[in-house]
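Keep in mind that what you see is a predicted model, and the values were worked out from it rather than measured. Just so it is clear: chains get the letters A, B, ... in the order the sequence lines come, proteins before strands, and each one is counted from 1.
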Number of protein chains: 2
Amino acid sequence: MTRTRSHPKPLETESSLDTRARLIDAAGEEFAEHGFAKATVRDICARAGANIAAVNYHFRDKETLYLETLRHAHRYSITHYPHDGGLHADAPASDRLRAFVRAFLAKMLDAKRPRWHGRLISREMTEPTPAFSLLLEEGVRPQFGALCAIVRELAPSIKDVQIEAGAASVIGQALHYHHCNLMMKRLYAERKDGFPFDLEFLTDHITEFSLSAFEGLERKVRMNDARQSHRRQNKQRVRESKGRNR
Amino acid sequence: MTRTRSHPKPLETESSLDTRARLIDAAGEEFAEHGFAKATVRDICARAGANIAAVNYHFRDKETLYLETLRHAHRYSITHYPHDGGLHADAPASDRLRAFVRAFLAKMLDAKRPRWHGRLISREMTEPTPAFSLLLEEGVRPQFGALCAIVRELAPSIKDVQIEAGAASVIGQALHYHHCNLMMKRLYAERKDGFPFDLEFLTDHITEFSLSAFEGLERKVRMNDARQSHRRQNKQRVRESKGRNR
DNA sequence: ATCGCAGTCAAACATCCGTTTGAATCGGAC
DNA sequence: GTCCGATTCAAACGGATGTTTGACTGCGAT
């Protein structure tokens with residue numbers, strides 16, 4: 001028997017679901033804290049109050065446990081933090097941007113119970129595993145698309161590449177406080193006022209910063225277009241006046 | 001003898017420097033590609049064409065090798081990519097911002113020889129090791145300070161917290177294309193035009209985006225101040241202008 | 001020639017870790 | 001009670017990996 005047990009996905013009795021759930025929870029914390037490679041099955045089981053063999057029994061192996069944990073985190077994420085932030089699609093684009101930014105930040109910085117969800121997902125970005133595709137197609141791509149739609153409304157005159165780069169700028173700002181959390185906290189460690197960036201402040205800042213940027217870009221493009229069409233009109237006028245004089 | 005060798009830092013003879021350097025080079029590639037935990041001493045030595053014991057001989061252990069490698073990458077980084085990008089301090093702030101952004105992006109995206117420097121340093125941010133402090137004090141803090149100075153010139157009326165948040169926004173945008181490189185590339189994988197973001201495009205985009213943002217923020221603050229000072233023209237104008245900054 | 005020493009090498013050691021095993025335990029069905 | 005499947009458990013297996021050892025090599029100084 002090469003597989004240790006039959007693994008017809010064990011029936012979800014009361015107690016089995018219990019340790020299974022506890023395992024996923026413990027695994028989430030360990031994986032988030034140490035990464036896939038350094039997190040040990042022993043530590044996970046210890047934290048879950050389960051035997052070492054539990055991982056092999058309920059999941060097939062460490063990797064499947066990781067994948068299942070990530071799936072769990074992802075499902076939680078998309079149900080608890082919808083892109084629109086609970087805002088109607090016909091709300092003003094600037095409001096929808098703010099809602100998007102807040103939802104995005106909250107997803108990562110939220111102090112709510114399973115605080116490891118964000119860390120797990122961001123780890124996946126820098127060192128992808130087989131679960132990467134799932135995350136990309138069901139998480140990132142639709143979210144990025146929604147943001148692009150908002151940006152297009154905010155700055156309708158700019159090119160598509162610029163819209164996508166702008167969306168990336170918004171996301172980049174938000175992710176920064178996630179990736180470099182430790183760095184920022186240490187950077188502000190000796191300040192007496194501490195780390196001044198909470199969810200509300202960051203939502204405001206990133207939204208205002210980005211709105212200003214999009215307004216500016218839009219205006220520049222419009223001015224440029226106006227100049228060019230002005231030039232064209234001049235040429236045409238010259239031509240017309242030439243024709244009239246003839 | 002608990003330590004395997006005396007380790008009075010071996011004299012830098014011709015050949016010793018040779019394998020030592022080759023080890024650091026190989027270690028850089030391996031660490032950057034697989035991370036500290038998954039990179040193996042055997043692979044590093046194989047890549048360097050050295051014996052397994054070489055790591056223990058030239059450095060004390062794997063961790064010291066990593067630390068030394070990171071130091072090397074950091075030194076290279078600060079000598080080859082100065083913050084100012086080779087620009088005079090009295091150049092216009094907008095030009096200095098562009099130079100900063102280009103230097104920052106180049107440091108990470110550069111296709112030049114040791115392409116692993118950036119990856120190594122960014123790894124350090126998400127999972128710090130003892131080398132973290134060095135990186136923070138000699139790399140991040142001065143760089144962040146320089147950027148804040150530029151931002152202050154671009155938007156002299158905004159508060160200090162906003163200046164710092166704005167600087168973080170610039171850095172966040174630039175780092176985004178580094179952290180989420182894989183994600184972005186996969187996101188654009190099926191496009192016929194491929195990944196449209198090269199160094200020049202990104203430098204332009206991030207600079208323009210941020211300049212627009214700072215212009216907008218500055219104008220908003222000025223307008224706000226003007227309104228308020230107009231309203232309170234007769235009372236306390238002096239105290240208000242004192243309290244505006246800081 | 002010979003001694004000392006830095007450097008290299010193959011082999012082994014010790015430990016950690018994912019996984020497996022086979023027995024023990026528990027709970028419900030008959 | 002007895003049987004059976006699901007679950008848990010302690011123990012061990014097997015492989016990978018960081019580290020150590022002790023011999024060997026080449027070279028410069030004495």
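- Within the 4.0 Å cut-off from OP1 or OP2 of D:dT20, at least one side-chain nitrogen or oxygen of B:Asn56 is found.
- A:Thr19 has a side-chain polar atom (N or O) that falls below the 4.0 Å cut-off from OP1 or OP2 of D:dT8.
- As rounded to whole Å, 17 Å separates atom P of D:dT19 from atom OH of B:Tyr57.
- Spacing between atom CD of B:Glu63 and atom P of D:dT19 amounts to 9 Å, rounded to whole angstrom units.
- A salt bridge between B:Glu30 and B:Lys38 is absent, with no side-chain N of the basic residue lying under 4.0 Å from a carboxylate O of the acidic one.
- Under a 4.0 Å N-O distance rule, the pair B:Glu124/A:Arg186 does not qualify as a salt bridge.
- In this structure the side chain of A:Trp116 reaches within 4.5 angstrom of the side chain of A:Thr69, judged on heavy atoms.
- One atom, NZ of B:Lys38, and another, C1' of C:dC17, lie 14 Å apart when rounded to the nearest Å.
- Using a 4.0 Å heavy-atom criterion, one finds that A:Ala37 contacts no nucleic acid atom at all.
- Rounded to an integer number of Å, the gap from A:Phe59 CZ to D:dT7 C1' is 14 Å.
- Closest to the side chain of B:Asp61, out of C:dG18, C:dT8, D:dT19, is D:dT19.
- In this structure, the nucleotide among C:dT19, D:dT8, D:dT19 sitting nearest to the side chain of A:His58 is D:dT8.
- Considering only heavy atoms from C-beta on, A:Leu70 stays 4.5 Å or farther from A:Leu134 through its side chain.
- Across the protein-nucleic acid pair, A:Ile52 atom CD1 and D:dA11 atom C1' stand 9 Å apart, rounded to whole Å.
- When the nearest nucleotides of DNA chain D are assigned to A:Gly49 and B:Phe36 by heavy-atom distance, the more 5′-ward of the two goes with A:Gly49.
- Heavy-atom distances to DNA chain C give each of B:Ala50 and A:Ala53 a nearest nucleotide, and the one nearer the 5′ end belongs to B:Ala50.
- Between A:Asn51 atom CG and D:dC9 atom P the separation is 5 Å, expressed in whole Å.
- The distance from atom CZ of A:Arg60 to atom C1' of C:dT20 is 15 Å, rounded to the nearest whole Å.
- Under the 4.0 Å criterion applied to side-chain N and carboxylate O atoms, B:Glu164 and B:Arg152 are not assigned as salt-bridge partners.
- Regarding B:Arg42, its CZ atom lies at a distance of 13 Å from the P atom of C:dA12, rounded to whole Å.
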